[in-house]
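Written below as structure tokens is the structure these notes are about.
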Amino acid sequence: MKFDPQSIARRLASWFSRHARELPWRSNPDPYRVWISEIMLQQTQVATVIPYFERFIARFPDVRALAAAHLDDVLAQWSGLGYYRRARMLHACSREIIATHGGEFPGDYEAILDLPGIGRYTAGAIASIAFGQPRPVLDGNVERVLARLTALRADVKSAAAQKKLWFWATEVVEAAKSPSTVNQALMELGAMVCTPQNPGCKVCPLRATCAAKHAGIQEQLPVRRKAAASKAIRYAALILCDARGRVLLTRREKSGESLLPHGLWEFPHVVWPARKVSPLRELSAIAGVSITAVSEAAPVRHAIMNYRVELVALAAKTSGRVTKTRPPQQWFKPAELASLPMASATRKLFIAR
DNA sequence: AAGCCGGGGAT
DNA sequence: ATCCCAGGCTT
């Protein structure tokens with residue numbers, strides 16, 4: 001079972017020409033669109049990304065528009081996608097492209113790799129897809145395809161396995177007539193045919209040279225060490241309305257105790273380990289406002305990282321017309337919440353109140 | 001090398 | 001309920 005990069009590249013290109021999905025960022029693969037799509041696609045599935053990509057490009061059509069925007073507007077567009085640091089680095093990166101590359105996305109691989117938020121994978125994707133350069137990509141899809149093709153039995157995340165996988169990815173892209181096509185084909189094959197479960201070996205263009213298929217172990221590969229067990233945690237969150245129906249939100253300056261990242265608006269909340277103990281006094285102290293008429297909503301369950309989070313919304317009112325709260329707190333009309341940078345869990349809480 | 005950072009679709 | 005996804009940065 002010989003690993004023949006030339007043959008693999010040819011078969012991938014042929015297959016891709018017939019089976020590639022039409023995706024928004026494929027219609028016009030200029031560096032800006034490829035960059036935005038690749039950042040969004042980090043650890044995020046295609047179906048999730050598509051509507052975000054369309055909205056983002058409409059709002060920020062080029063590097064200059066993104067660099068001119070406020071970070072809050074970028075975070076608001078990102079709300080619900082997760083990994084919010086991606087949005088911060090995207091924004092910082094746009095400003096660096098203005099400052100050091102005259103607003104033109106750099107085509108030099110080392111220059112791309114130097115940009116914030118762009119690592120080896122994303123640099124390879126941009127260099128190959130937007131600039132046609134023979135740079136390798138290795139993502140979860142390519143890892144799986146190559147691990148099966150070569151019957152790699154080591155943990156794919158180990159240093160030794162990663163070295164081999166990057167080497168094979170390099171061999172394939174360097175044998176390609178079109179690096180853009182072959183890199184996208186590797187990823188597309190992993191997404192559509194060489195899937196984690198029930199791989200479609202019968203329709204795979206590489207089945208004849210797949211060592212895992214030959215040995216009948218394609219379902220056992222790739223080998224990944226199992227994740228740590230998730231932990232349970234419960235929060236009580238205060239959905240506080242003033243006499244005018246405005247709701248109190250707060251925003252932390254830096255990441256700390258909370259699972260939520262900084263920069264996003266959230267409801268005042270505390271860890272609530274024992275339901276016997278009322279969190280109201282503590283919540284009231286955090287909000288800096290006296291509260292009345294509390295009603296408890298049904299818990300919201302939310303999986304985040306390796307936590308299983310139970311969120312309990314405590315809807316409450318505060319008497320009188322509150323005008324002053326200590327920053328970074330602010331009263332918002334409910335209709336304003338849609339345009340604020342906010343995590344999915346926070347929106348769930350408001351809906352559940 | 002290991003830990004950290006979200007959210008959702010597929011099964 | 002579990003897996004895993006077009007990763008990168010920090011320690």
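Every chain is numbered from 1 and lettered A, B, ... according to where its sequence line falls, protein lines coming before strand lines.
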Checklist entry - Side-chain N or O of A/H302 less than 4.0 angstrom from OP1 or OP2 on B/dG6? => result no

Item to check | Atom pair distance, as rounded to whole Å: CD in A/Q43 and C1' in B/dG6 | outcome: 10 Å

Produce the list of close N/O pairs, under 3.5 Å, pairing protein atoms with atoms of nucleotides 9-11 of chain C; give distances to one decimal.
from, atom 1, to, atom 2, distance (Å)
C/dC9, OP1, A/G117, N, 2.7

Checklist entry - Does A/R347 make a cation-pi contact with A/F350, if we ask for NZ or CZ under 6.0 Å from the ring centre and within 45° of the axis? => result no

Checklist entry - Looking at B/dG6, does its base get a donor-acceptor pair with the side chain of A/Y83 below 3.5 Å? => result yes

Next on the checklist: Any donor-acceptor pair under 3.5 Å linking the side-chain atoms of A/T44 with those of A/R86?
Outcome noted: yes

Checklist entry - So, do A/Q162 and A/E143 sit near enough that their side-chain heavy atoms are less than 4.5 Å apart? => result yes

Checklist entry - With respect to the side chain of A/M305, which nucleotide from C/dC4, B/dC5, C/dG7 is positioned closest? => result B/dC5

N/O to N/O distances under 3.5 Å, protein versus nucleotides 9-11 of chain B:
from, atom 1, to, atom 2, distance (Å)
B/dG9, O4', A/Q45, OE1, 2.9

Checklist entry - Base, sugar-phosphate alone, or nothing: which one does A/G190 contact when heavy atoms must sit under 4.0 Å apart? => result nothing

Next on the checklist: At a heavy-atom distance below 4.0 Å, what parts of residues 13-37 of chain A sit against DNA chain C?
Outcome noted: A/L23, A/W25, A/R26

Item to check | A/Y307 vs B/dG6: side-chain N/O to OP1/OP2 distance below 4.0 Å | outcome: no

Next on the checklist: Applying side chain to side chain donor-acceptor pair (under 3.5 Å), can you list everything that pairs with A/K317, at least two apart in sequence or on another chain?
Outcome noted: none

Next on the checklist: Strictly below 4.0 Å: does A/R224 bring a side-chain N or O up to OP1 or OP2 of C/dC5?
Outcome noted: yes

Give the table of side-chain donor-acceptor pairs shorter than 3.5 Å for residues 108-124 of chain A, with sequence neighbours excluded, one pair per line with atom names and distance.
from, atom 1, to, atom 2, distance (Å)
A/D108, OD2, A/E110, N, 3.4
A/D108, OD2, A/A111, N, 3.2
A/Y121, OH, A/E38, OE1, 2.7
A/T122, OG1, A/Q42, NE2, 3.1

Checklist entry - If the P atom of B/dA10 is compared with that of C/dA6, how far apart are they to the nearest Å? => result 12 Å

Checklist outcome for this item: side-chain contact (heavy atoms from CB on, under 4.5 Å) with A/F56: of A/L81, A/I39, A/V49, A/L66, only one passes, and it is A/L66

Item to check | Sub-4.0 Å heavy-atom contacts from residues 170-184 of chain A onto DNA chain B, ordered by number | outcome: none

Checklist entry - Hydrophobic cluster mates of A/I217, side-chain heavy atoms under 4.5 angstrom, ILVMFWY only, any path? => result A/L221, A/V223

Item to check | Contact list for residues 188-201 of chain A, test side chain to side chain donor-acceptor pair (under 3.5 Å), sequence neighbours left out | outcome: A/R21-A/E188, A/R26-A/E188

Checklist entry - Of all residues at least two apart in sequence or in a different chain, which pass the salt bridge (Lys or Arg N to Asp or Glu O under 4.0 Å) check with A/D155? => result A/R225

Next on the checklist: For A/P179 versus A/G132, what's the shortest heavy-atom pair and its separation?
Outcome noted: CG-O, 3.5 Å

Item to check | Close approaches to DNA chain C from residues 338-353 of chain A, in residue order (heavy atom, under 4.0 Å) | outcome: none

Checklist outcome for this item: The correct set of residues in residues 148-168 of chain A placing a heavy atom under 4.0 Å from DNA chain C is none

Checklist entry - So what does A/T44 hit on the nucleic acid, given a heavy-atom distance under 4.0 Å: a base, only sugar-phosphate, or nothing? => result base

Checklist entry - Start at the 5' end of DNA chain C and walk down; is the nucleotide closest to A/R86 or to A/P196 reached first? => result A/P196

Checklist outcome for this item: Whole-Å distance, A/R144 CZ to C/dA6 C1', equals 11 Å

Item to check | side chain to side chain donor-acceptor pair (under 3.5 Å) involving A/S295 - partner list, sequence neighbours excluded | outcome: none

Item to check | Distance, P atom - from B/dG6 to C/dT11, rounded to whole angstrom | outcome: 16 Å

